[in-house]
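See below for the structure under consideration.
Only heavy atoms go into these numbers, but all of them, side chains included; no hydrogens, no water, no symmetry mates. Numbers for residues simply follow the sequence, beginning at 1.
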Amino acid sequence: MSSDEEIEDTSENVTMSWMFRTLSARFSRNRNPPRNNAPQNSHSSSSVTEPSFDTKKFVQCKVLLLDGAHLNIVVPRNAQGAELYEEVFYSLDLEERDYFGLQFTDHYNVQHWLDPSKKVVKQVAIGPPFTLRFRVKFFTSEPSSNLKEELTRYQFFLQIKSDVSTGRLACPAQFAVDLAALALQSELGDYNPIEHTPMFISEFRFHPEQDEKMEIEILEKYKLCRGQTPAQAELNYLNKARWIEMYGVDMHTVEGKDGNTYRLGLTPQGMLVFDGNQKIGLFLWEKLQKLDFKNKKITLVVEEDADMSNNGQIQLHTFVFNLISEKAAKHFWKCAIEQHAFFRLKSKPIPTGRKMQFFRLGSTFKYRGRTEYETVHKEGARLSRRQSCSFERRPSQRYGPRQSHLTNAQIREAKRAEIRQQIEQQREPAPPLPPAHQKVIPIPEPKISLNNNNVIHKSSPDIAHVTKICVGTLEPPSHIPRPVHVQQTPSVSKISRIPEPRKYSDQNHSTTNIIEVAPRKFSQVENTTSHSKLPTRMVQPMQLQRRIVTDF
């Protein structure tokens, strides 16, 4: 090759390199405009948020936590998932880490767990910023014994409460009432009758079918939780929630060979098969001989126990299910491998030496975390390095109160006031009837007449002192006066006694003459024309013209 040709090649290389540098600079300016070239409009400049790091070397990740907060973490662009996990666990001060994971969603709306052995930018397709959710990945069957720290139990409590309220974990209504009461005890403390009313309880969300009746039942159960600390209430919550039928079940929708839709649930014991809401089968992990996927198909090979029906021979049954996409099939396959390894194995699989593979068939995914047995029983666990931890519990999200509780409370208060008024009226004595309701029965005056012996005779002596009788309700008199019987006379209102005959002496005669005075008798002069005249007293005439002194 001549020198001219070498020069021409060199010039062409310089020209091409200059063009690449120019285009790359132009693209970088369009993607990250400098601050001095920002528009002068205040509204547009405030809406543009400039990152404080180099986007060529770092990426931003937004992690949504279980208590409603979020973390903004910046990691290198070539960082693996393990580095992001370490940042999250360090921020939460969490030591029992193997139960948790970071979940993201792809373009096909399929949820995946972040693989710690692969780069973040290679896994998460939507972003930056890359949005991930911090969630419980493995639900232990014994929370009280396997979860050692209070912080770990608190994260489990938040996860189950969120799943029950959103309907992700199917929970009966009566079971949800008990769980909601313990959740209130953990967040609010002991019951306060002045502050904690049904209207206040309606600001929380505990169940998809929550209504007024359920909120009143939750309040009654909440009264019985008095005296429990937040840690005790959360532990009781987990011990009760683990008896829910669908607790810890990772559900996936599949399609069978017959074209019907089924659901496969991954649990610590094995794989459940549901036809709608009815459970029709269980494949235990120890009976599962093969689990593979190809394109959209999942193949399961299950071993059948030897009994008399199959002549004592072990038989294998193959089940094939279809998923909506290849991504969903691979995600189900990974979750099944992780569930099997975490709950069934006592130690994580020992990785073999990496071999050079020119042609690789299938996936090389393996579970690389610690198993539950290692987390709980191994002496070298991280938990042995500290004795206690402190953290802050965040309040739950509130919603608008239910106005029907206020209306019902006003109605109940009005009814109570009416009942109290009726009771007070019954206790008071009945008032007397008005004069219009009284009926007066007049009593005729007794007829008085003179007999032949000039003695007063009364027709009705028993009721002579009664003037009138009132028919009606009268107040009883404070005292009863003593009756006084009085004989009516024209000038004397009272006659005490009838005097005996008295003896008088005549001083003018030598001989003493005794004059006897007969007893006085009274009579009434008959008047045929009218009875209005008062009876008169008849006195005997004086004998011998002597004055007789009578003492009345």
Stacked cation flag R77 on F58, 6.0 angstrom / 45 deg
no
Between E83 and V75, is there a donor-acceptor pair closer than 3.5 Å when you use the side chain of the first and the backbone of the second?
no
Is F175 close to W243 at the side-chain level, that is, under 4.5 Å between some pair of heavy atoms?
yes
Determine whether more than 12 heavy atoms belonging to other residues, nucleotides or ligands lie under 6.0 Å from atom CG of N260.
yes
When rounded to the nearest 0.5 angstrom, what is the spacing between CE in M246 and CZ in R168?
11.5 Å
Between the side chain of R263 and the main-chain N/O of G276, is any donor-acceptor distance below 3.5 Å?
yes
Taking atom CD of Q103 as the centre, does the number of heavy atoms from other residues, nucleotides or ligands within less than 6.0 Å exceed 12?
yes
How far apart are the C-alpha atoms of E142 and R242, what are their side-chain angles, what is the distance that settles it, and do they pass the salt bridge (Lys or Arg N to Asp or Glu O under 4.0 Å) test?
CA-CA 8 Å; E142 296 291 338; R242 72 187 184 95; 3.6 Å; yes
Non-hydrogen side-chain atoms of H252 and L266 separated by less than 4.5 Å:
yes
Would a line drawn from the ring center of F342 to the ring center of F138 be shorter than 6.0 Å?
yes
Examine the side chains of T140 and E372 and answer whether a donor and an acceptor come within less than 3.5 Å of each other.
yes
Can you tell me if D250 and Q339 form a side-chain donor-acceptor pair at under 3.5 Å?
no
Could you pull out the closest heavy-atom pair between L300 and L291, with the gap in Å?
CD2-CD1, 2.9 Å
Around atom CZ of F391, are there more than 12 heavy atoms of other residues, nucleotides or ligands at under 6.0 Å?
yes
Could you check whether N236 and Q232, counting side-chain N and O atoms only, form a donor-acceptor pair closer than 3.5 Å?
no
What is the ring orientation for F139 with F156, classed by angle as parallel under 30°, tilted 30 to 60°, or perpendicular over 60°?
perpendicular
The reported gap from CG in L179 to NE2 in H207 (rounded to nearest 0.5 angstrom) is 9.5 Å
Under 30°, 30 to 60°, or over 60°: which ring-plane class applies to F134 and F100, parallel, tilted or perpendicular?
parallel
Kindly give the heavy-atom pair with the smallest separation between L182 and C225, and that separation in Å.
CD2-SG, 3.9 Å
Mind checking the OH-CD spacing from Y154 to E392? Nearest 0.5 Å is all I need.
9.0 Å
Atom pair NZ/CD1 of K213 and I218 - distance to nearest 0.5 Å
12.5 Å
Between I244 and A170, the two heavy atoms sitting closest are CG2-O, 3.3 Å
Under 3.5 Å, is there a donor-acceptor pair between the side chain of R205 and the main chain of S202?
yes
Side chains of E215 and Q210: does their closest heavy-atom pair fall under 4.5 Å?
yes
Measure the shortest side-chain to side-chain distance between L264 and L272 over non-hydrogen atoms and say whether it is less than 4.5 angstrom.
no
Quick check: does any side chain N or O of Q278 sit under 3.5 Å from a backbone N or O of F274, one acting as donor and the other as acceptor?
no
Any side-chain to backbone donor/acceptor pair from W285 onto M271? Under 3.5 Å, distance only.
no
How are the rings of F319 and H317 set to each other: parallel, tilted or perpendicular (split at 30° and 60°)?
tilted
Nearest heavy atoms of C171 and A176, plus distance in Å:
SG-N, 3.7 Å
Between V164 and P208 the two heavy atoms that sit nearest each other are O-CD, 3.3 Å
Which distance, rounded to the nearest 0.5 Å, do you find between the CZ of F293 and the NZ of K334?
8.0 Å
Presence of salt bridge, E234 and K161, under 4.0 angstrom
no
No-hydrogen, no-angle side-chain donor-acceptor test under 3.5 Å, T105 and Q111
no
To the nearest 0.5 Å, tell me how far S165 OG sits from I160 CD1.
12.0 Å
Check: E303/Q289 side-chain N/O donor and acceptor closer than 3.5 Å:
yes
Could you tell me if R133 sits above the aromatic ring of F104, with its cationic atom closer than 6.0 Å to the ring centre and no more than 45 degrees from the axis?
no
For the pair Q60 (side chain) and P128 (backbone), establish whether a donor and an acceptor sit closer than 3.5 Å, ignoring hydrogens and angles.
no
With a 4.5 Å limit on heavy-atom distance, are the side chains of L235 and F157 in contact?
no
Donor-acceptor check, side chain of Y237 to backbone of D178, threshold 3.5 angstrom: yes or no?
no
Side-chain donor-acceptor pair under 3.5 Å between Q185 and D190, yes or no?
yes
Quick one: do R97 and E86 make a salt bridge, cutoff under 4.0 Å?
yes
Indicate yes or no: does R402 engage E212 in a salt bridge with an N to O separation below 4.0 Å.
no
N192 atom CG: more than 12 heavy-atom contacts under 6.0 Å:
yes
So which atom in P76 and which in V59 form the shortest heavy-atom distance, rounded to 0.1 Å?
O-CG2, 4.1 Å
Surrounding CD of E255 (heavy atoms of other residues, nucleotides or ligands, distance under 6.0 Å), is the total greater than 12?
yes
Report yes or no: is the cationic atom of R226 (NZ for Lys, CZ for Arg) under 6.0 Å from the centre of the six-membered ring of Y191, at an angle within 45° of the ring normal?
no
Salt-bridge criterion met for E220 and K223 (N-O under 4.0 Å)
yes
Determine yes or no for a side-chain-to-main-chain donor-acceptor pair under 3.5 angstrom, with S162 supplying the side chain and L158 the backbone.
no
Among pairs that include at least one residue of residues 285-300, which meet salt bridge (Lys or Arg N to Asp or Glu O under 4.0 Å), considering only residues two or more places apart or in two chains?
E286-R344, K287-D305
